[in-house]
Amino acid sequence: MRYFKSVTDIGDLKEAVREAMQVKANRFAYKKLGQDKTLLMIFFNSSLRTRLSTQKAAMNLGMNVIVLDVNQGAWKLETERGVIMDGDKPEHLLEAIPVMGCYCDVIGVRSFARFENKQDDYEEKIFNQFVKYSGRPVFAMETATVHPLQSFADLITIEEYKTVERPRVVLTWAPHPKALPQAVPNSFAQWMNAAGYDFVITHPHGYELSSEFTQGATIEYDQDKALAGADFVYAKNWSAYEDPNYGKVLSTDRSWTITTEKMALTNNARFMHCLPVRRNMIVTDDVIESERSIVIPEAANREISAQVVLKRILESL
Ligand code: CP
């Protein structure tokens with residue numbers, strides 16, 4: 001595997017989950033695979049889980065790891081071609097990327113949607129430049145439109161906790177004070193559809209996601225109806241995708257917060273969230289602290305999803 005961004009890059013999902021379980025059972029079995037290989041993790045945006053879990057996964061595989069926070073200590077980067085660089089950005093991404101490629105064997109990139117231009121975001125302008133100019137395998141640590149390491153970890157977690165072959169998985173929008181990207185729900189929809197679950201998405205009108213990702217899911221605008229019989233409730237906020245409201249907060253309606261009463265509508269569902277989560281906006285203290293909440297094992301599986309991806313990339317070098 002040279003690149004990892006879409007669910008299609010990982011191939012057969014059952015095989016990927018089987019491999020994840022093997023890695024989880026013995027995460028140091030491939031310690032020699034990454035010997036003398038260097039992972040460069042590039043963050044244009046903040047992170048706790050992705051940073052720690054991906055570094056841990058790389059160390060499990062025997063890799064060396066370099067972490068670069070582009071906005072802290074590196075030169076400010078110009079990303080637009082044709083700009084007269086007489087402002088506050090002394091380096092262009094088009095030199096920076098191949099230079100970064102000189103110092104490593106594999107590159108992970110985190111670059112969120114900027115909400116300046118929908119087309120640039122959905123064409124993955126930053127991530128694709130790393131693919132084109134780094135000369136290295138590149139994997140997504142959350143791009144403008146997707147967060148596949150999270151979705152793979154979510155899939156592993158659902159497979160571990162499900163009690164029926166084809167669970168009802170409900171992705172529900174929940175309120176948040178700031179405009180968040182669509183990357184997590186886009187990816188989650190893509191992976192849940194590919195897994196063949198009974199997959200439902202619920203959100204207020206105006207929060208429709210791109211059909212590129214949701215195709216195959218049931219869309220239900222009534223949250224209570226969507227939650228009825230759910231085996232897994234995956235809460236997440238996202239901003240509007242459709243024009244002319246792209247990247248905007250249209251609602252902070254707290255009646256969409258996941259509460260004990262909402263969870264009572266479900267089939268004793270497990271509660272999931274990718275974290276970080278704003279308590280009592282997205283989900284109440286009671287729900288996230290309940291024994292049905294699996295947000296911590298879900299986060300722990302980020303190490304496993306990252307390790308499977310890195311292992312496959314190393315095997316292809
Ligand atoms: N879920 C997730 O990607 O967490 P971080 O933003 O902390 O990496």
Side-chain angles (χ1 to χ4, degrees), residues 4-7 9-10 20 39-60 65-72 106-115 121 124 126-127 130 138-158 160-161 169 171-174 176-192 209 213 232-239 258 270-279 281-283 288 293-310:
F4 177 68
K5 179 171 163 288
S6 166
V7 70
D9 296 326
I10 200 86
L39 167 65
L40 175 57
M41 296 163 62
I42 299 166
F43 287 93
F44 287 85
N45 309 93
S46 303
S47 168
L48 187 152
R49 279 143 292 274
T50 304
R51 177 185 303 255
L52 297 180
S53 62
T54 311
Q55 180 159 358
K56 176 67 165 58
M59 292 185 328
N60 293 349
V65 181
I66 305 172
V67 181
L68 178 68
D69 286 298
V70 171
N71 297 319
Q72 289 171 19
V106 183
I107 299 182
V109 180
R110 166 164 283 201
S111 175
F112 290 175
R114 297 176 173 191
F115 294 142
D121 287 343
E124 295 287 9
I126 302 292
F127 182 82
F130 276 90
V138 180
F139 65 96
M141 299 196 301
E142 188 170 342
T143 69
T145 67
V146 287
H147 195 359
L149 287 176
Q150 180 65 53
S151 303
F152 187 15
D154 297 334
L155 175 69
I156 296 165
T157 311
I158 290 171
E160 286 178 322
Y161 282 87
V169 178
L171 167 64
T172 178
W173 179 93
H176 191 283
K178 293 190 171 169
L180 297 188
Q182 297 100 30
V184 169
N186 281 346
S187 255
F188 188 73
Q190 189 184 48
W191 285 66
M192 293 302 104
L209 294 162
F213 301 102
F232 292 88
V233 173
Y234 196 101
K236 184 72 185 87
N237 174 268
W238 62 89
S239 59
I258 297 298
R270 296 289 188 175
F271 175 79
M272 299 179 73
H273 188 281
C274 62
L275 305 180
V277 68
R278 294 207 181 217
R279 283 179 175 224
M281 286 293 294
I282 301 279
V283 58
I288 198 165
S293 170
I294 51 173
V295 296
I296 305 303
E298 180 185 358
N301 277 332
R302 289 293 308 275
E303 177 184 341
I304 307 306
S305 63
Q307 191 166 336
V308 172
V309 168
L310 281 170

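Read the numbers this way: they start at 1 and go in the same order the structure lists the ligands and their atoms.
- Taking a cut-off of under 4.0 Å to the non-hydrogen atoms of H147, the atoms of ligand 1 that pass are 2 (C), 3 (O).
- Here the side chains of M272 and V169 are not in contact, with every heavy-atom distance at 4.5 Å or above.
- Taking the six-membered ring where the residue is Trp, W191 and F4 present perpendicular rings, their angle passing 60° and hence far from 30°.
- Here L275 has backbone heavy atoms under 4.0 Å from ligand 1, and that is the only part of it that gets that close.
- Distances from atom 6 (O) of ligand 1 to the heavy atoms of E142, R49, H273, R110 show the closest one on R110.
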Original post:
Where do Q182 and S239 land on the side chain to side chain donor-acceptor pair (under 3.5 Å) test, with the steps shown first?
Top reply: CA-CA 7 Å; Q182 297 100 30; S239 59; 3.2 Å; yes
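- In plain terms, the two heavy atoms of T145 and D121 that are nearest each other are CG2-O, 3.4 Å.
- The closest side-chain donor-acceptor pair between Q150 and D154 falls under 3.5 angstrom.
- On a distance-only criterion, S47 and ligand 1 share at least one N/O pair closer than 3.5 Å.
- Close approach of ligand 1 to R302 (heavy-atom distance below 4.0 Å) involves ligand atoms 1 (N), 2 (C), 3 (O).
- Of all atoms in ligand 1, listed by their number and element, those nearer than 4.0 Å to a heavy atom of L48 are 5 (P), 7 (O), 8 (O).
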